[in-house]
*Asks:* 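Submitted below is the structure of interest, expressed as structure tokens.
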Amino acid sequence: RSRGAAALAAALVATTPTYILVNGHIGYSNSTTPMFTTAMLLALVAAVERHSGPLLVLGGFLAGLSLQTHLSIVPLLAGMVVWFLAQRGGRRWLRTKWPYLALAAAVVAYSPVIWFNLKSGFATLSEPAAHPYAYTGRIGLARYLENLRLLIWELTWMVSGRMSLRPEPTFFLLMGAVRLGWLVAGLVYALRRRDRLLFTLLLSTMALMPAFNNLYSRTMGTRYVVWLLPVVYTGLAALVPPLLRRFNSRLGSVLVGVCTVALILFPVVPLGMYYSSHQARQRTNEDLLRLAQTIGREAGPSSLVVIDEGVDLLYLSNAGTVLSAMDYL
């Protein structure tokens with residue numbers, strides 16, 4: 001909506017602990033999902049606003065790339081389709097060639113995964129069965145409602161910018177509550193402007209995600225829904241420029257600006273404390289890296305190295321076992 005709002009949204013993304021701690025440190029294809037989904041949303045929104053068929057095709061291609069990073073974006077795609085068809089003249093698009101070319105572009109972008117499944121007997125569909133901790137099978141109403149509760153808790157935790165700290169300072173709880181209030185105000189403001197994208201994506205995520213996702217946590221599990229944050233932060237940021245224009249006095253504008261900067265930078269503080277607590281308990285990769293360097297230096301590249309299989313029982317925090325880490329090293 002404005003360069004100022006865009007800068008605020010980018011700043012909110014830059015200080016998000018989930019992006020820094022999970023997406024920025026772990027080499028999953030899922031770690032790149034928000035980049036592709038944000039580009040897809042940008043292309044599709046621009047296509048609708050400019051009535052541009054080529055941009056719609058670009059959005060379809062980016063949708064295929066997004067889906068290639070992880071299947072967890074299915075709720076996002078569903079919400080995007082609903083939003084697209086609900087636009088003024090959205091259904092008239094269906095009488096043109098562009099939506100079908102966009103669908104074809106999505107298939108082209110996703111074709112490596114399609115080809116892999118044709119060769120492997122649809123291994124992508126059988127993969128979830130090997131990870132029951134993350135994917136639901138048959139699900140009843142009670143489990144669905146519990147997953148929905150956990151999803152809402154996870155989303156609010158991400159937006160609040162807090163981390164898992166024991167004991168957690170009261171100040172962190174207060175700042176987290178203020179950021180959540182900012183989210184509600186931004187959502188209401190968007191709806192009043194008849195900008196329903198954020199609301200539609202939140203609704204589709206809450207309706208569909210609990211039906212197939214079992215993994216909700218304040219660290220690793222957030223990667224399945226973290227693609228929502230750029231849209232959420234855009235909704236938050238859009239509220240600030242009109243708020244600043246309401247103040248006639250320079251003092252009022254400065255006060256709002258300072259509060260906004262404080263809310264943006266706040267998550268960096270608990271994240272720093274989180275890192276410090278792990279370092280204090282020596283929960284780092286320093287020992288593993290030193291062991292790998294010692295093996296490389298003393299054994300050489302052509303020597304056989306035997307590692308006790310018992311290290312496969314030594315679990316690392318959210319990152320497999322010591323043996324799997326040594327295999328990668």
Side-chain angles (χ1 to χ4, degrees), residues 16-18 21-23 26 28-31 33-34 37 66-67 69-83 85-86 117 122-168 172-173 176-177 179-184 186-188 190-191 196-232 235 315-320:
T16 298
T18 302
L21 182 65
V22 181
N23 294 69
I26 300 174
Y28 293 147
S29 62
N30 192 202
S31 296
T33 300
T37 54
S66 301
L67 188 61
T69 65
H70 206 268
L71 287 172
S72 60
I73 72 154
V74 168
L76 172 65
L77 296 178
M80 195 71 222
V81 170
V82 171
W83 174 85
L85 295 176
N117 278 283
F122 296 93
T124 298
L125 298 179
S126 60
E127 176 73 9
H131 303 281
Y133 64 89
Y135 299 99
T136 61
R138 292 183 179 180
I139 185 170
L141 179 61
R143 183 68 222 183
Y144 176 87
L145 293 176
E146 175 63 10
N147 282 348
L148 178 60
R149 184 190 70 81
L150 293 172
L151 171 63
I152 295 172
W153 172 242
E154 187 178 72
L155 285 172
T156 56
W157 187 272
M158 280 196 298
V159 174
S160 74
R162 291 153 52 204
M163 295 296 297
S164 300
L165 298 170
R166 295 288 184 272
E168 188 164 26
F172 288 178
L173 298 173
R179 283 173 64 104
L180 290 176
W182 188 9
L183 167 62
V184 173
L187 181 59
V188 171
L191 288 174
R196 299 181 179 90
L197 178 60
L198 171 58
F199 178 77
T200 305
L201 295 182
L202 283 172
L203 201 62
S204 66
T205 302
M206 291 183 181
L208 297 177
M209 184 68 76
F212 66 86
N213 179 35
N214 253 347
L215 182 60
Y216 301 95
S217 67
R218 292 188 288 264
T219 50
M220 294 294 290
T222 55
R223 71 183 189 274
Y224 294 146
V225 289
V226 75
W227 38 259
L228 266 175
L229 285 188
V231 192
V232 170
Y315 286 90
L316 303 171
S317 176
N318 295 318

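When reading the values below, keep in mind they use all heavy atoms of this one structure, side chains included, and skip hydrogens, waters and symmetry mates.
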*Asks:* Could you grab the distance from atom CG of L148 to atom CG of N213, nearest 0.5 Å is fine?
*Replies:*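 That separation rounds to 12.0 Å.
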*Asks:* For the residue pair L67 and L71, what are the closest heavy atoms and their distance?
*Replies:*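 Looking at all heavy atoms of both residues, the shortest contact is CD1-CD2, 4.0 Å.
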*Asks:* For P75 versus S204, what's the shortest heavy-atom pair and its separation?
*Replies:*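 So the minimum-distance heavy-atom pair works out to O-OG, 2.9 Å.
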*Asks:* What is the distance from atom CG of L150 to atom CG of L145, rounded to the nearest 0.5 Å?
*Replies:*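 Rounded to the nearest 0.5 Å, the CG-CG separation comes to 11.0 Å.
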*Asks:* Quick check: are there more than 12 heavy atoms from other residues, nucleotides or ligands sitting under 6.0 Å from CZ of F212?
*Replies:*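 Counting neighbours around CZ of F212, more than 12 heavy atoms of other residues, nucleotides or ligands fall under 6.0 Å, so yes.
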*Asks:* Working to the nearest 0.5 angstrom, can you tell me the gap between L215 CG and L151 CG?
*Replies:*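 Here the rounded value is 11.5 Å.
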*Asks:* What's the shortest heavy-atom distance between S31 and P34, and which atoms?
*Replies:*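 So the two residues come closest at O-CD, 3.8 Å.
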*Asks:* With a 4.0 Å cut-off on N to O distance, would you call R143 and E146 a salt bridge?
*Replies:*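 So R143 does not pair with E146 through a salt bridge.
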*Asks:* With a 4.5 Å cut-off on side-chain heavy atoms, are Y224 and T33 touching?
*Replies:*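 Answer no - side chains too far apart.
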*Asks:* Is there a side-chain contact between T16 and M158, using heavy atoms and a 4.5 Å cut-off?
*Replies:*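 No. Closest side-chain heavy atoms not under 4.5 Å.
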*Asks:* Might you point out which heavy atoms bring P230 and V226 nearest each other, and give the distance in Å?
*Replies:*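 That closest heavy-atom pairing would be CD-O, 3.7 Å.
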*Asks:* State which residue, out of L203, L201, T200, fulfils the side chain to side chain contact (heavy atoms under 4.5 Å, CB included) condition with V82.
*Replies:*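 That would be T200; it is the only one of L203, L201, T200 passing the side chain to side chain contact (heavy atoms under 4.5 Å, CB included) with V82.
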*Asks:* Nearest 0.5 angstrom please: N23 CG to I26 CD1, how far?
*Replies:*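 The distance works out to 8.0 Å.
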*Asks:* Nearest 0.5 Å, what's the CG-OG1 distance between L228 and T37?
*Replies:*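 Rounded to the nearest 0.5 Å, the CG-OG1 separation comes out at 8.5 Å.
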*Asks:* Are the side chain of N30 and the backbone N or O of H70 linked by a donor-acceptor pair below 3.5 Å?
*Replies:*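 Checked: no pair found.
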*Asks:* Decide yes or no for L21 and M163: does some side-chain heavy atom of the first lie under 4.5 Å from some side-chain heavy atom of the second?
*Replies:*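 The answer is yes, as the side chains (C-beta and beyond) meet within the 4.5 Å cut-off.
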*Asks:* Using side-chain heavy atoms (C-beta onward) and a distance below 4.5 Å, is P17 in contact with W157?
*Replies:*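 Counting from C-beta outward, P17 and W157 never come under 4.5 Å.
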*Asks:* Residues two or more places apart in sequence or in another chain: which of them pass ring pair (Phe, Tyr, Trp, His ring centres under 6.0 Å) with F172?
*Replies:*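 Scan of F172 (ring pair (Phe, Tyr, Trp, His ring centres under 6.0 Å), adjacent residues dropped) gives F266.
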*Asks:* Identify the two heavy atoms, one from P210 and one from I139, that lie closest to each other, and give their separation to 0.1 Å.
*Replies:*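 That would be O-CD1, 3.3 Å.
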*Asks:* Work out which heavy atom in T156 is nearest to a heavy atom in L180; give both atom names and the distance.
*Replies:*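 For T156 and L180, the tightest heavy-atom pair comes out as O-CD2, 3.3 Å.
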*Asks:* Checking side chain to side chain contact (heavy atoms under 4.5 Å, CB included) for the pair L155/M206: CA distance, chi angles, key distance, verdict?
*Replies:* CA-CA 10 Å; L155 285 172; M206 291 183 181; 3.9 Å; yes
*Asks:* Check for a donor-acceptor pair, side chain of N147 on one end and backbone N or O of M209 on the other, with a separation under 3.5 Å.
*Replies:*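 Checked: no pair found.
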